[in-house]
Amino acid sequence: MKRTVPLFITACVGFVLIIAYFVPAVGNVTDLALIHFDILAAIAFILGGGNLLRTHGEKIYKQQSGWGYSLIALGCFLLMLTVGLGKIGVSPAFNQGSWTGLMQNGESVSLVQLNKIAATYELSVTIRRAEANSKLDLSVAGTRRASIDIDEKGRAVFKADFDADEPQKNADNSWLAEVAHGAAVTVGSMSGQLAPFGRVTGEFNANGSWFWWLYEYGFQPLQQTTFAMLAFYVASAAFRAFRAKNTESILLLGTAFVILLGRTYAGTYLTQWAADPLVPPAPDDLWGRFLSFFYMPNLTEWIMNVFNKAGNRAIMIGIALGVASTSLKVLLGIDRSYLGSDKG
Amino acid sequence: MRQRLLGSTAALAFVLVCVPVAHAQPGGGGVRQPSAPPNSAARIEDPRDLEELRRLYLELEDGGRLSQTLRSVARFLERTKAGQPWWLETIQDRLELVAHTHIEAERSAYRKEVKELVNDVKKQLRLAFPPVAAVDIPNDDGSKLSVFWHAVPGAEKYKVRRRDVSKDKPWRDPVEVKGEKDSWDDDMLIRAGRRYQYSVHAVDADGNETLIGESAAVQAKGDLFHKRRWGLAGLVVLLSGTVILFIQLAKRGFDLKIRKIAGLEAVDEAVGRATEMGRPIMFIPGIQDMNDIQTIAGLTILGHVARTAAEHGAQIMVPTCRSLVMTAAQETVSASCLDVGRPDAYDEKKIYYTTDEQFGYVAAVTGAMVREKPAACFYMGAFYAESLILAETANVTGAIQIAGTAMPAQLPFFVAACDYTLIGEEFFAASAYLSGEPQQLGSLKGQDLGKIIALVLIFIGVLLTTLITVMEWQYSFAGDALDFIRNGILNTRG
């Protein structure tokens, strides 16, 4: 059972996704599967985060060798978690609208919300409890805007919308575009103020937030530094690997030399006698076309487009077949090693 | 025998080269005049004919398989009585002249004429549409419809409205299509099986609306099979079939010879080295998540390495970049230790999660390498720029390194820096190779047959492309055949 259920799920989901590629009527199952995977991965992060806390926490607690690094790692983890989850320093998303919260006066309860999506404004007044079969006046910023009929149950919903891109449609509601945050709203005897939805609507990594600042000025420079060190690693690997020991290695060394030189200005400078990059040789200038072959950028491009591309494509064909075969074995349950032991 | 073969090949080559050259007319045959002027087109009303018309129109816009598309258009117009294909013979003549004329200026003139004539054909097809026509887009799940209308001179934009006829709903708010457009693809909340109707208004600069027309109701249909992908489906069935065939043959005792893969033969050596030196083994399963097949392949190899390490009593460390990979790796290593009767060899703390960030992970792993000084490092999975940093750092610590990845861009780095590298499909073959199970080895043989099929397709494609390039046969059978391989079988157009 422990292995049968996962195998069954793997086979079902896998074959459904393959079939969905050829059977459009099934719909966009691939995107749905990816969304489900993202949800699972997000939940699984709790395991990863817990493991991180435990590993480093234990090291700090037992003061094992290198516990200082663990303290920094854990401190940074908790700091980013706190500023991200807490949305510290995040501005409210003013462009999304505002509301009054619940307005009450005695037994009457109502709520006013102003939504803004692109250039469209939508005012929604919900009266949850009021005197049945009556009328209540709606005023915004001191101006009476509408009269709302309350039904026999003491409830009502009033909506007004306005599209700034089509001002001629619903022109009577054009005042919606001028309602400012903090505007006073009254519905009958209930009153309130339109306030933004709050920090909840802002993005945790919006520009200016603490999370953004720590990521841009703390983490990114470190990341780019590590990436920049690659140049030195390439040099040391090349120095070790490219040795003229036999014919193949001499060919490899020669090609690497041409490509490395061709990708720098030095290659262009040293071979500028061979061709003028601004004036290509005429089609009938055979000698000029022959010489231009030795212009380093041209030679580099030729090696990359002919030899390298051919080899790359051959590897990719092999990879594609390998992926297809491995996937088939996993789907058919022939290869089960990723699930763990066969025994027990 | 060999001489006879060479002779036949030479004769065939002579025929292939000389026959078309002999037919080439020096200086071209002169520009011929069209045989008849165009007729006005009858309007198409039948929904299936409209779908066919849309398909032909888009194929002409695409430009591929021109000869075949034009013949299809001619047959369609004749069948539906929507027009006389007076242009067919003319365009075919021009295409022949393009193929056989060697003077560049004349060839360009013929190509230009072909392009103009094809534009006339497209205009004729456009006229065959009703003033407003709605067509179901094929090869979808029934959530898209296409609307065509006759463009009105002076219109700045068009307002397209839709109505659900099945539910007898009113007209929805219009969608504006700005510019000189005459079609629009609607994918807004369309339900398969329902019938929809469209109306289109032209709007001029002053905002005045003029009704162009209303379409007939069209049903949004989901297709049971994607007609453009049948070639690819056939190829998938063929390749899968070969793999399954050899798996079945292997189960029945068919003898399979697999060549030695140096990187996999060295796994035992690397683990043994680590045991002797008393230093740990570090296994890195790549930086992608469990939804990547390379990660699964890497974890399969981890199972084998962990088994060997448990047998020898060596310690294994697995820093992971993803939480799901960490849990899968823990399960794999614990199962491997259990398999060899060494459950005490499993240390959960050695398989840990670091971070999802690429270079943060690299920094953590290289730090661990420098501190722990592993004797053997395995890099099995998907890697990006961090591959060389990992390999070089481990090299500095003196570890034996075995890498395997299916990322072509990282292979050169691993080849340069590591002792052994599993290149592409060797990496995927590792699971079968290490397990030694006949049915897994059978799948490798199936892959080889797949490679032969790929070789045959490559050979045919290269031959056709060479003929087309050298002999200018793009508008002949060779062009159609190449287009069929590209788009019909390999589905490069999607």
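Proteins get letters first, then strands, A, B, ... in listed order; numbering begins at 1 in each.
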B:T355 versus chain A, heavy atoms under 4.5 Å apart: side chain, backbone, both or neither? neither

So, the part of B:A429 with a heavy atom under 4.5 Å from chain A: the answer is neither

Can you tell me which residue among A:L328, A:I334, A:T326 is in a side chain to side chain contact (heavy atoms under 4.5 Å, CB included) with B:V243? A:L328

Under 4.5 Å from any heavy atom of chain A - which part of B:L239: side chain

Taking atom CZ as the centre, does A:F257 end up with more than 12 heavy-atom neighbours from other residues, nucleotides or ligands that are less than 6.0 angstrom away? no

Portion of B:L434 that has a non-hydrogen atom of chain A nearer than 4.5 angstrom: neither

Would you mind reporting whether A:L222 and B:F359 have side-chain heavy atoms less than 4.5 Å apart? no

Identify the heavy atoms of A:I319 and B:A406 that sit nearest to each other, and give their distance. CD1-O, 3.2 Å

So for atom OH, which belongs to B:Y346, do other residues, nucleotides or ligands contribute more than 12 heavy atoms lying within a distance under 6.0 Å? yes

Interface check, chain A: of B:G222, B:P408, B:G303, most non-hydrogen pairs under 4.5 Å belong to B:P408

Okay, B:D173 and chain A: the region with an atom under 4.5 Å from a heavy atom over there is side chain

Check whether B:F427 gets within reach of chain A through its side chain, its backbone, both or neither, counting any heavy atom under 4.5 Å. neither

Select one option (side chain, backbone, both, neither) describing which atoms of B:L411 are under 4.5 Å from chain A's heavy atoms. side chain

Roughly how far apart are B:K349 NZ and A:R54 CZ, rounded to 0.5 Å? 7.0 Å

What's the separation between atom CD in B:Q330 and atom CG in A:N51, rounded to the nearest 0.5 Å? 6.0 Å

A:A241, A:G27, A:A324, A:S325: which one forms the most heavy-atom pairs within less than 4.5 Å of chain B? A:S325

Looking only at A:I317, A:T226, A:L332, A:L40, the option with the highest number of non-hydrogen pairs under 4.5 Å against chain B is A:T226

Would you mind telling me which of B:I293, B:N291, B:T366, B:L324 has the largest number of heavy-atom pairs within less than 4.5 Å of chain A? B:N291

Which of the residues B:L388, B:I423, B:V415, B:L232 is involved in the greatest number of heavy-atom pairs with chain A at under 4.5 angstrom? B:L388

Residues B:E437, A:K329: salt bridge by 4.0 Å N-O rule: no

With a 4.5 angstrom heavy-atom cut-off, which part of B:A363 approaches chain A: side chain, backbone, both or neither? neither

If you count heavy-atom pairs under 4.5 Å between each of A:Q223, A:H56, A:Q224 and chain B, which one has the most? A:Q223

With only heavy atoms counted, which part of B:T327 is less than 4.5 Å from chain A, the side chain, the backbone, both or neither? side chain

For A:P24 and B:H226, which heavy atoms make the closest approach, and how far apart are they? CD-N, 3.5 Å

Here the gap from A:M316 atom CE to B:M407 atom CE, rounded to the nearest 0.5 Å, amounts to 10.5 Å

Count the heavy atoms belonging to other residues, nucleotides or ligands that lie under 6.0 Å from CZ of A:F227, then report whether that count exceeds 12. no

Under 4.5 Å from any heavy atom of chain A - which part of B:I458: side chain

Work out which heavy atom in B:Q447 is nearest to a heavy atom in A:G322; give both atom names and the distance. NE2-CA, 3.5 Å

Interface check, chain A: of B:E348, B:R307, B:Q440, most non-hydrogen pairs under 4.5 Å belong to B:Q440

Which answer fits B:D448, side chain, backbone, both or neither, if we ask what part of it has an atom under 4.5 Å from a heavy atom of chain A? neither

Of the listed A:L52, A:V26, A:T55, the one with the largest count of heavy-atom pairs under 4.5 Å with chain B is A:L52

Any idea which of B:E357, B:R371, B:K451 has the most non-hydrogen atom pairs under 4.5 angstrom with chain A? B:E357

More than 12 heavy atoms from other groups under 6.0 Å of CZ on A:F232: no

So A:Y233 and B:T393, side chain to side chain contact (heavy atoms under 4.5 Å, CB included) or not? Walk me through it. CA-CA 9 Å; A:Y233 283 113; B:T393 308; 3.8 Å; yes

Should A:M229 and B:I389 count as side-chain neighbours, where that means a heavy-atom distance under 4.5 Å? no

Would you mind checking which part of B:S431 comes under 4.5 Å of any heavy atom in chain A, side chain (CB onward), backbone (N, CA, C, O), both or neither? side chain

Compile the donor-acceptor pairs under 3.5 Å between side chains in residues 306-315 of chain A and protein atoms, sequence neighbours left out, one pair per line.
none

Just give me the residue among B:S240, B:A329, B:A297, B:A454 that pairs up with chain A most often, heavy atom to heavy atom, under 4.5 Å. B:S240

Residues at least two apart in sequence or cross-chain that pass side chain to side chain contact (heavy atoms under 4.5 Å, CB included) with A:F45, listed by chain then number, are A:F77, B:S323, B:Y353

Quick one: which of B:V236, B:L224, B:N139 gives a side chain to side chain contact (heavy atoms under 4.5 Å, CB included) with A:F22? B:V236

